[in-house]
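One structure is given here, and the rest of the page talks about it.
Letters A, B, ... are given to chains in the order of the sequence lines, protein chains preceding strands, and every chain is numbered from 1. All values below come from the heavy atoms of this structure, side chains included, with hydrogens, waters and symmetry mates left out.
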Amino acid sequence: MTGYPLYLLTRLGQFALVVFIGINIAFIVTHATPIDPVEQSIAAATQFGSTSPEAIALMRQSLKELYGLEGSLGDQYVSFWSRVATGDFGPSLSAFPTPVSTLIGRALPWTVALLVVSTLLTWVLGNLLGGLAGYYRRSKALRFAGILAMTFHPIPYYIVAFLLLIVFGYLWPVLPISGGYKMNMTRDWSWEFIGSVAAHAILPVLSLALVGLGGWFMGMRSLVSNIVTEDYVAYAELGGVERRRILGSYVMRNALVPQVTGLAMSLGSIFNGAIITEQVFGYPGVGTLLVSAVHVGDYSLVLGITTVSIVAVSVAVLLIDLAYPLLDPRVKAR
Amino acid sequence: MSALLEVEDVSRVYRTGGLFAARRVTAVDGVSLQLEAGRPEILTVVGESGSGKTTLARMILGMVPPSTGAIRFKGKDLADIRGSRARLAFMKEVQPVFQNPFEAFNPMKRLDRYLFATARRMAGVEGEAAIRDAADGALKEVGLSLAEVRGRYPHELSGGQLQRVAIARALISKPALLVADEPVSMIDASLRASIVNLLRGLRERRGVSIIYITHDLATAYYVSDRILIMRHGKVVESGEARAVLDDPQHPYSQLLKSSVLSPEVPPTGAAFHA
Amino acid sequence: MGRILIDLLRFNRQFAVGLVLLAIVLGFALLSFFSPYPPNDSFVVPPDVPPSWAYPMGTTSRGQDLFWLLTFSIRNTLLFGVTVALISRLLALVIGLVAGYCGGLVDRALMSINDTFIVIPLFPILVLFYFVMKDHMSWGLLALMMACLGWAYDARLIRSVALSLRTREFTETGIFSGMSMRQILVEEHLPYVLPIVFSTTMNNINWSIGLEVTLSVLGFTDINTPTIGVLIYWANQHTALVAGIWWWIFFPVLLVILAFIGLFLLAVSMNEYIDPRSRLGRSGG
Amino acid sequence: MSEPVLTVSGLRAWYRTSAYGVSREVRAVDDISLSIAAGEIYGLAGESSSGKTTLIKTIANAIQPPLEVLAGSVVFRFGDRPVDIHRISREALGKIRWKHLSYIMQGSMNVLNPVRRVRHTFFDFAFRHIGRPKPEFLQVVRDHLQRLHLAPDVLDAFPHQLSGGMRQRVTIALATVCRPEFIIADEPTTALDVVVQKGVLAMIHEIQRELGSSIIFVTHDMAVHANLTDRLGIMYAGRLVEEGRTADIFRAPRHPYTAHLIASLPRLGDTAPKKGLDGAPPNLADPPPGCRFHPRCPRASDICRREAPPMAELSPGHRAACFHPEPERPA
């Protein structure tokens with residue numbers, strides 16, 4: 001077997017492995033706890049008010065089922081997987097009886113939209129500027145951009161988002177700093193609503209972009225300064241091929257290939273960044289949901305979000321991997 | 001007469017690809033050859049890129065196990081050599097010379113350390129003075145001396161000198177067999193002849209058998225006793241070197257020979273007029 | 001090694017700036033040993049005093065002298081980063097070198113697992129971890145957890161260096177000179193791997209500090225050990241920004257940003273130094 | 001005799017590097033003059049670090065730091081106007097490249113863009129010179145490939161789908177599609193297997209005779225020079241040490257270095273002992289004074305250690321830079 005089918009099989013195998021190991025880590029983590037999550041949940045749920053002992057006993061039983069703590073460890077493992085496979089994490093404890101899957105389903109589109117917009121924007125812009133900076137090494141403006149990239153890139157998502165919050169929330173309050181759209185607005189497809197959504201997305205997108213841009217910028221710049229020494233670039237220059245064509249079709253085009261692999265590899269950490277940023281700006285995605293679930297002690301929701309995150313990121317990586325041969329014709333020959 | 005080296009119907013298949021799917025490439029396909037003990041000779045393996053000649057050399061050196069078939073050195077199957085003691089005993093007798101002399105030594109380390117390590121570990125020489133003497137003796141054999149090499153780094157020597165050091169190192173343990181993989185292809189023409197002469201001299205003076213891997217028929221003709229022509233992992237023709245090269249029988253050998261450019265200006269002017 | 005450092009200091013501005021930034025941060029952390037107050041004592045000074053000669057960084061609403069509190073916090077934060085980096089270095093080095101040296105199926109299997117750890121989103125897992133540990137969560141446990149999850153990217157880099165070293169002829173020369181595998185890995189290969197280990201260490205410290213700060217600010221760690229993140233957490237709990245206690249936020253953020261940029265510059269300059277092209281430019285012969 | 005197509009005079013090109021406090025000056029090309037006539041194949045021979053690659057880069061004006069041209073000129077004459085390739089504008093150079101002056105690189109290397117189909121590479125390099133609409137341009141390319149016995153489907157291939165020999169043939173087709181007057185060929189057959197090498201050399205020879213182009217052909221392989229080139233220049237340690245008709249040089253080399261080089265060549269069917277040359281080529285960052293070959297030269301005397309021998313014409317069309325040349329051998 002050769003070519004695309006071989007490649008396809010390899011990537012699908014890798015996808016399965018990522019999901020498998022990821023879910024196992026989640027299982028191990030949840031079962032390594034020294035405390036009893038059932039008792040803890042009951043304590044959390046009953047701390048504000050008196051509940052009758054019968055109700056608590058009932059709750060304990062249903063929680064045990066819910067947590068998959070019934071039976072031997074092997075049984076628990078099997079039931080854990082069956083819940084992952086069906087996407088059924090039971091009802092949320094904090095928003096009882098709304099199923100966890102409904103809550104995640106409501107939040108996920110916000111996160112996905114935030115991720116897609118900010119990732120595409122940063123990736124395209126970062127690669128473009130980085131490519132130019134690698135090719136036109138003497139440009140002052142691009143050198144300055146390099147210093148900016150180097151300053152912002154190492155700062156973690158949380159701090160950048162926090163700084164933006166301070167600047168636009170307290171020092172110069174021109175942008176909405178919280179929520180996904182204006183409160184009390186009806187959710188329809190009116191221009192007003194879309195505008196509000198866009199305005200609320202500016203700061204989250206910006207904070208993701210500030211961190212991400214630097215990474216792609218520096219990665220692309222160093223790739224390009226390597227590629228300009230390749231023989232095919234030297235040859236095109238000897239051939240008098242137009243500079244713009246050399247930059248586009250020879251240098252950048254070849255540098256894009258590893259940058260796409262890089263995108264697939266860093267999706268996990270970009271996702272981390274997104275859910276952290278959401279929390280800072282109270283954006284109604286899974287990040288905010290996750291943090292509030294922890295605060296209210298909603299075990300099923302936390303577990304649901306973790307597993308959905310693992311699967312979602314793996315799927316996104318798989319999609320990039322499957323599209324990769326379009327960019328690199330050599331894959332088919334490997 | 002007993003055999004020094006027996007290569008019996010050896011093949012090597014490589015797997016490439018990821019963990020979940022792979023494809024197979026046959027590099028060496030059913031090759032057999034034999035060297036007699038007590039009758040040192042230079043056996044040349046000739047082939048173009050992809051002929052499997054380097055894989056064959058690596059299998060004889062025990063660096064790559066064969067997929068099928070057996071290699072025996074002095075009657076002992078290489079597959080049975082296990083443990084570091086047995087490995088060392090084998091390597092004492094079979095030593096390599098590599099293609100790129102600039103790569104054969106760690107650029108960050110001094111050259112003499114390889115000579116001393118070989119003397120200490122492979123030849124079992126003990127005592128600083130004796131180790132230095134062993135290194136010096138081997139270097140003299142290749143036309144250098146320890147004084148010229150001691151404390152020097154690889155980049156301070158030319159390719160020809162480095163290749164001599166590499167050969168000297170291989171000689172310290174007094175091996176019965178040298179496997180030289182394209183030892184002159186990275187060396188400048190003005191230095192090449194002396195390396196090739198050195199190999200010839202070693203067979204005569206030291207009684208070392210040499211497996212000489214090359215793509216160059218002209219040097220093969222100059223040094224070899226016997227020759228093996230490989231293509232796509234298979235041996236297409238073998239025999240006494242001059243006989244084979246003077247009158248090749250296999251169509252591929254004939255093609256190979258007719259493709260070699262002679263370094264003479266043809267009487268008619270350029271060769272490609274026809 | 002000493003010459004390399006001097007060369008880098010003299011000729012690489014990024015390295016020099018990085019080193020200076022880091023020296024400032026480190027010096028500040030060392031001051032903690034001279035602190036007049038234990039880190040967890042509160043209401044030892046008047047609360048909410050703006051920066052002044054008496055309190056150069058002001059005081060918190062909990063009556064702590066921010067200057068001295070910050071020395072403890074940055075020390076713990078750096079210590080956390082170094083701990084994670086050291087443990088994960090061990091994993092990354094062993095896995096990277098073994099995969100590279102052995103090659104073949106071992107390499108493919110290890111790298112598949114490796115790529116998995118690169119891709120998996122760690123933040124939700126760490127949150128889940130906190131969730132099930134709650135009060136049992138400690139600084140050391142979190143460091144261990146993060147080290148177990150954060151070695152993969154660096155193992156891949158180390159592996160690629162080890163893989164190319166394995167195929168270089170001088171490795172074979174070493175083997176046929178009778179050197180042992182340990183001798184080859186330590187004496188022949190380690191000098192090539194060390195610079196990349198150094199640069200990945202810096203990046204890994206950055207990464208772990210970043211996650212620690214994030215988790216702490218959200219309150220998802222042990223909030224009784226003072227770290228930069230915990231400091232900001234308490235500031236947020238007291239709505240310091242709304243109350244106008246800006247210094248409570250400003251100084252920790254500034255200090256940790258200096259640390260991030262300093263570490264990053266060291267990593268970048270080291271990377272440039274080990275880049276074969278720039279190495280070519282300064283080799284003799 | 002008509003004006004030469006290429007005149008190189010007094011060319012000096014050095015590498016100057018400074019990194020981490022180590023400054024170096026490598027005198028890769030040191031005072032070289034030569035000229036190449038129309039329709040001639042000029043061979044350039046030399047070992048590694050003889051400066052031949054640098055000379056070629058300088059002639060092609062592919063000069064990147066740290067390489068610097070310190071003195072001398074490289075003048076091409078296409079038509080009736082001489083152009084100094086180091087002193088013309090970028091636009092003017094762009095008009096000359098490929099139309100008049102093209103280039104063939106070492107085949108093993110990655111000279112074709114790996115993610116671009118061969119057809120697009122032809123467009124990139126040649127379309128603006130041929131000046132015809134697309135379909136007609138493609139027809140020109142197809143006809144040209146056919147003339148070189150290449151199937152037109154190679155146009156649809158990616159470089160990795162072609163074998164090494166095929167890639168090199170495609171490069172030759174690319175370099176000749178605009179029918180240039182001058183072709184620079186830099187080790188075009190070095191990485192190829194002998195069987196393929198022979199075919200590629202034949203192809204170069206055939207197209208050269210057809211177009212009447214001049215070629216400067218660089219290789220360290222003396223056998224290739226013997227069979228392909230009309231005239232030959234031998235470089236040693238950054239200098240041209242001998243130049244003449246290829247047949248004359250092979251029959252009666254005058255410079256001791258050349259003489260040794262030719263005598264030590266292995267020949268199929270020849271087992272007579274060959275002598276090696278002691279020592280090694282000098283480090284060009286610190287070359288020996290006087291004649292750069294003197295430390296290895298069997299004929300060296302005091303003057304060789306003090307002065308650099310000038311290039312002198314020893315017999316018609318045969319020059320060498322040596323105070324004690326090998327004796328002349330009449331044909």
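For C/Leu149, the part sitting under 4.5 Å from any heavy atom of chain A is the side chain, from C-beta outward, and nothing else. Only the backbone of A/Ala264 comes within contact range of chain C, with heavy atoms under 4.5 Å apart. Within the 4.5 angstrom heavy-atom criterion, atoms from both the backbone and the side chain of C/Asp115 approach chain A. With a 4.5 Å cut-off on non-hydrogen atoms, C/Leu126 does not touch chain A at all. Within the 4.5 angstrom heavy-atom criterion, only side-chain atoms of A/Val317, from C-beta onward, approach chain C.
Residues A/Asn272 and C/Pro124 have side chains in contact (heavy-atom distance under 4.5 Å, counting atoms from C-beta outward). Considering only heavy atoms from C-beta on, A/Val313 stays 4.5 Å or farther from C/Ile120 through its side chain. For the pair C/Phe117/A/Ile21, a side-chain contact is recorded, criterion being any heavy-atom separation below 4.5 Å from C-beta on.
For residues 249-263 of chain C, heavy-atom neighbours of chain A at less than 4.5 Å comprise C/Ile249, C/Val253, C/Val256, C/Ile257, C/Phe260, C/Ile261, sorted by residue number. Residues of residues 213-230 of chain C placed with any heavy atom under 4.5 Å of a heavy atom in chain A are listed by number as C/Val213, C/Thr214, C/Val217, C/Leu218, C/Phe220. Within residues 274-281 of chain A, the residues that have a heavy atom under 4.5 Å from a heavy atom of chain C are A/Ile275, A/Ile276, A/Gln279, listed by number.
Your options are C/Trp207, C/Trp246, C/Tyr130, C/Phe129, and the one with the most heavy-atom pairs under 4.5 Å with chain A is C/Phe129. Chain C forms the most heavy-atom pairs under 4.5 Å with one residue out of A/Thr151, A/Leu267, A/Ile305, and that residue is A/Thr151. Ranked by heavy-atom pairs shorter than 4.5 Å toward chain C, the options A/Ile159, A/Ile25, A/Thr306 are led by A/Thr306. Taking chain C as the reference chain and counting heavy-atom pairs below 4.5 Å, the highest number among A/Val291, A/Thr307, A/Val286 is found for A/Val291. Chain A forms more heavy-atom pairs under 4.5 Å with one residue of C/Val119, C/Leu128, C/Asn206 than with any other, namely C/Leu128. Looking only at heavy-atom pairs under 4.5 Å with chain C, the residue among A/Ile166, A/Leu163, A/Val294, A/Ile270 that has the most is A/Val294.
Other residues, nucleotides and ligands place no more than 12 heavy atoms under 6.0 Å from the CZ atom of A/Phe152.
Closest of all the heavy-atom pairs between C/Val132 and A/Val29 is CG2-O, 3.5 Å. Taking all atoms of both residues into account, the shortest heavy-atom contact from C/Phe131 to A/Ala293 is CE1-O, 4.1 Å.
The CG atom of C/Leu211 lies 11.0 Å from the OH atom of A/Tyr157; values are rounded to the nearest 0.5 Å.
Judged as a ring pair (Phe, Tyr, Trp, His ring centres under 6.0 Å), and not counting sequence neighbours, C/Tyr153 has no contacts.
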